[in-house]
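See below for the structure under consideration.
Just so it is clear, the structure is predicted and the values come from calculations on it, not from any experiment. Just so you know, ligand 1 is whichever comes first in the structure, and atom 1 is the first atom listed for that ligand.
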Amino acid sequence: MLILGIETSCDETAIGVVEDGRSIRSNVIASQVDLHAAYGGVVPELASRQHVEAIVPVLEEALIRAGVTLGQLDAVAVTYGPGLAGALLVGLNFAKAVAYAAGLPLVPVNHLEGHIYAAWLGRDDEPDFPALVLIVSGGHSDIVLMEGHGRYRRLGQTVDDAAGEAFDKVARLLGLGFPGGPAIDRLAATARPSARLPRARPDGEYDFSFSGLKTRVQRIVRGEEGETPDVAELAAAFQESVVDSLVTKAVRAAEDHDANQIVLSGGVAANTALRAVLRERSRIPVLVPEPVLCTDNGAMIAACGYHRYAAGDIAPLDLDIDPSLKIG
Ligand code: KG4
Ligand code: ZN
């Protein structure tokens, strides 16, 4: 079974071809990072326009690398939410056109569910349910119990900033540019934390909060808490606090719900410290996709689309985007 996966929810125009939900035949990603870096963040209208420019060549490249024609595909899977409305519209309408022209079923994919299925790309073991999933991206920080394919129960979420958003905002405060996550990751690896920054304790047992931490870093940078430490040491202290909060809650939720494995996914799952600390503290197996599969890509949408299609989830051609779609 060959599924085409189309992803345009934010600033990557990404299309992949995946066989049987596992094996990547191609995974082409046209990143817009350089375009948005000048503005210090993703500019939605620019993202949409860039998707329009890139999407045809990205599809052509994905088919060539996979060595397939449209006629050999079984279905077209596409992200219909959550994400930026204009960006989602480009991918969804393009997917509809491809599906219609090639006579293929259109399979709707929740972007967050796509991130989860990245965990089994390139592996041959089956998911061991229930799995505890930590989805940490630029827009989301969710703790979800995955009880089966397509069966999710959200246990916790951020009450303010998403983890990736916190990385991006703090990187900006530290003058590290955009996107902030990779920059902080690299810099933090070179230093010891300047001090122990607080871990927020929101009311929900498995909820997160990162905006207080961001404000604290801002105060430190402005010299409102005494001498300003070295940027690398401050980046390390910030990262340590975020990683500790994420890992502590994920491990606790997994234990409380008798999970058999932990899945770490979303762009922030590319973070070196987060990957290491979670593996260190978890007593059950931890699945983490390789970094390029943690950030937005088309292969994860195709992988998820395989399971959605198997469950009979086929969308009509008037399917609309859902920018604030949730999971669980
Ligand atoms: O999943 P993703 O590619 O897009 C969304 O769905 O949001 O995640 C992007 C986020 C950005 O906030 C970026 O700074 C963060 O993931 N990120 C990282 C790392 N690589 C990407 N955060 C921390 N460490 C990283 N190595
Ligand atoms: Zn994402």
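- Between the choices L112, D11, N271, the shortest heavy-atom distance to atom 24 (N) of ligand 1 belongs to N271.
- Proximity of C10 to ligand 1 is not established, as no heavy-atom distance is less than 4.0 Å.
- Shortest contact from atom 4 (O) of ligand 1 to any protein heavy atom: D296 OD2, 3.1 Å.
- Among all protein heavy atoms, the one lying closest to atom 17 (N) of ligand 1 is G267 O, 3.5 Å.
- If you chain together hydrophobic residues whose side chains sit under 4.5 Å apart, Y206 and V251 fall into the same group.
- The set of protein atoms (N, O or S) found at less than 2.8 Å from the Zn ion (ligand 2) reads H111 NE2, H115 NE2, D296 OD1, by chain and number.
- Taking 4.0 Å as the cut-off between side-chain N and carboxylate O, D168 and K214 do not count as a salt-bridged pair.
- Below 4.0 Å from some heavy atom of G138 lie the following atoms of ligand 1, by number and element: 5 (C), 7 (O), 8 (O), 9 (C), 10 (C), 12 (O).
- Taking 4.5 Å as the limit, every side-chain heavy atom of I6 sits out of range of all side-chain heavy atoms of I301.
- The closest protein non-hydrogen atom to atom 12 (O) of ligand 1 is D168 OD2, 2.7 Å.
- Under 4.0 Å is where a charged nitrogen must lie from a carboxylate oxygen, and between R49 and E53 no such pair does.
- Distances between N or O atoms of G266 and those of ligand 1 include no value under 3.5 Å.
- Of all protein heavy atoms, the one lying nearest to atom 26 (N) of ligand 1 is D185 OD2, 2.8 Å.
- Using a 4.0 Å heavy-atom cutoff, H115 is listed among the residues neighbouring ligand 1.
- Of all heavy-atom pairs spanning A162 and G138, the tightest one is CB-O, 3.6 Å.
- Residue-ligand proximity, G181 to ligand 1, at heavy-atom distances under 4.0 Å covers atoms 14 (O), 18 (C), 19 (C), 22 (N), 23 (C), 24 (N), 25 (C).
- Below 3.5 Å of separation, one finds no N or O of T295 facing any N or O of ligand 1.
- Distances from ligand 1 to the non-hydrogen atoms of E12 include no value under 4.0 Å.
- Using a 4.0 Å cut-off between a side-chain N of Lys or Arg and a carboxylate O of Asp or Glu, R22 and E126 qualify as a salt bridge.
- Every atom of ligand 1 with a heavy atom of G164 under 4.0 Å away is listed here by number and element: 12 (O).
- Proximity to H111 (heavy-atom distance under 4.0 Å) selects the following atoms of ligand 1: 6 (O).
- Residue-to-ligand polar distances keep T272 apart from ligand 1: every N/O pair is separated by 3.5 Å or more.
- Residue contacts with ligand 1 for H140 are absent, since no atom lies close enough (heavy atoms, distance under 4.0 Å).
- The aromatic rings of F129 and H149 sit perpendicular, their planes meeting at an angle over 60°, well past the 30° parallel limit.
- Under a 4.0 Å criterion applied to the non-hydrogen atoms of G139, ligand 1 contributes the atoms 7 (O).
- Taking 4.5 Å as the limit, every side-chain heavy atom of E7 sits out of range of all side-chain heavy atoms of E12.
- Counting only distance, with no hydrogens or angles, the side chain of D142 and the backbone of Q157 share no donor-acceptor pair below 3.5 Å.
- In this structure, the side chain to side chain contact (heavy atoms under 4.5 Å, CB included) partners of D160, at least two apart in sequence or on a different chain, are T158, S209, F210, S211.
- Residues F178 and Y39 place their aromatic rings such that the two centres sit no closer than 6.0 Å.
- For a threshold of 3.5 Å applied to N or O pairs, the pair formed by P179 and ligand 1 contains no separation below that value.
- Between R123 and D125, at least one side-chain nitrogen of the basic residue sits less than 4.0 Å from a carboxylate oxygen of the acidic one, meeting the salt-bridge criterion.
- In this structure the side chain of L73 reaches within 4.5 angstrom of the side chain of L63, judged on heavy atoms.
- Every N/O-N/O distance between F167 and ligand 1 stays at or above 3.5 Å.
- A donor-acceptor contact under 3.5 angstrom links the side chains of T248 and R281, judged on distance only.
- A donor-acceptor distance shorter than 3.5 angstrom exists from the side chain of T8 to the backbone of A87, with no hydrogens or angles considered.
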